[in-house]
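Okay, so here's the structure we're looking at.
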Amino acid sequence: FRSFENEAKFGADQMFLCVGRKTATAGMKCGLHEPILCTGDSDEFLEQFVRLKPSLKTMTYLAGTVRTPVLEQGLARLGVDLSIVEAYKARALENPLKHLGDFKPDVVLLMSPFAASLFSEAWPNREPEQDVMPKLCCLSPAVQKALPVAFQDHAQAARSPKLSSLLELL
């Protein structure tokens with residue numbers, strides 16, 4: 001249970017590990033009790049999972065259609081028979097940068113490869129100029145890698161995939 005958007009498709013009798021307070025709140029609204037709140041990235045999630053349920057051999061993972069394979073690969077290494085249910089789809093707004101108007105940000109925080117891809121598609125100058133392109137702070141190297149080569153000089157990845165590390169880039 002990794003995203004608060006999954007709330008409508010999850011049963012109350014399931015183990016309730018989650019990342020993030022929004023996910024925990026959404027799960028509780030659906031009748032799940034006592035969420036086990038994991039912090040950090042997928043690796044920390046897996047470490048906590050092992051500590052809490054070392055004998056668990058089957059699991060359902062409610063996932064988005066756009067995701068990295070880190071959690072799935074980690075659970076497979078642990079011998080967990082994983083059933084993946086694609087429970088939500090991230091979607092882009094039409095012309096998302098129009099909401100900026102004349103505002104020119106100094107920094108853009110990119111939290112996922114999907115967001116990086118959408119940003120690079122939406123940015124008006126596909127070949128960025130040094131004085132126009134904002135600093136691109138990426139949550140992880142995977143996020144930075146999703147940016148086109150022309151954007152790489154403006155991008156930097158956080159030292160670890162945590163919001164606190166991302167904010168250190170500012």
Side-chain angles (χ1 to χ4, degrees), residues 1-7 17-26 37-51 59 61-78 80 82 84-170:
F1 197 80
R2 293 214 4 121
S3 174
F4 68 94
E5 296 181 41
N6 289 328
E7 62 185 273
L17 280 173
C18 61
V19 177
R21 297 210 182 277
K22 285 185 179 181
T23 302
T25 300
L37 188 61
C38 299
T39 59
D41 60 12
S42 291
D43 291 327
E44 288 183 33
F45 183 91
L46 289 167
E47 288 172 15
Q48 191 163 354
F49 174 83
V50 169
R51 284 193 305 271
M59 182 179 189
Y61 172 31
L62 299 177
T65 56
V66 177
R67 63 185 179 273
T68 62
V70 175
L71 188 63
E72 294 160 49
Q73 292 169 350
L75 289 168
R77 280 193 306 274
L78 295 172
V80 174
L82 186 63
I84 299 168
V85 175
E86 290 189 341
Y88 67 96
K89 181 178 181 176
R91 58 184 167 81
L93 298 173
E94 188 176 320
N95 192 11
L97 296 180
K98 74 177 180 184
H99 301 288
L100 290 176
D102 291 334
F103 180 74
K104 302 289 185 216
D106 294 321
V107 175
V108 173
L109 303 179
L110 298 170
M111 306 297 283
S112 69
F114 184 64
S117 175
L118 291 176
F119 174 80
S120 63
E121 290 172 14
W123 192 252
N125 301 316
R126 290 302 301 252
E127 296 296 325
E129 296 176 13
Q130 189 69 25
D131 60 339
V132 176
M133 174 62 76
K135 178 178 180 178
L136 305 174
C137 296
C138 303
L139 186 62
S140 69
V143 174
Q144 183 175 358
K145 187 177 179 181
L147 292 166
V149 172
F151 287 62
Q152 291 297 322
D153 287 344
H154 304 277
Q156 187 176 3
R159 62 179 169 78
S160 67
K162 297 179 185 176
L163 188 56
S164 58
S165 294
L166 180 67
L167 295 176
E168 288 173 3
L169 298 175
L170 299 180

Sorted by chain and number, sequence neighbours left out, side-chain hydrogen bond (donor to acceptor under 3.5 Å, both in side chains) with Q73 holds for none
Contacts of Q152 meeting side-chain hydrogen bond (donor to acceptor under 3.5 Å, both in side chains) (sequence neighbours excluded), chain-then-number -> Q144
Separation between CE (M133) and CG (D106), nearest 0.5 Å, reads 13.0 Å
By ring pair (Phe, Tyr, Trp, His ring centres under 6.0 Å), F114 pairs with (sequence neighbours left out) none
Of all heavy-atom pairs linking A157 and P141, the shortest is CB-N, 3.7 Å
Residues A158 and L169: closest non-hydrogen pair is N-CD1, 3.6 Å
P134 and V108 have their tightest heavy-atom pair at CG-CG2, 3.7 Å
Applying side-chain contact (heavy atoms from CB on, under 4.5 Å) to V107 and not counting sequence neighbours gives L109, K135, C137, L170
Smallest heavy-atom separation, A142 atom then P113 atom, equals O-CG, 3.9 Å
In this structure, NZ of K145 is separated from OG of S140 (nearest 0.5 Å) by 11.0 Å
Side chain to side chain donor-acceptor pair (under 3.5 Å) pairs touching residues 109-119, sequence neighbours excluded, are S117-E121
Taking every heavy atom of M111 against every heavy atom of L139, the minimum-distance pair comes out as O-CD2, 3.5 Å
In this structure, CG of L136 is separated from CH2 of W123 (nearest 0.5 Å) by 8.0 Å
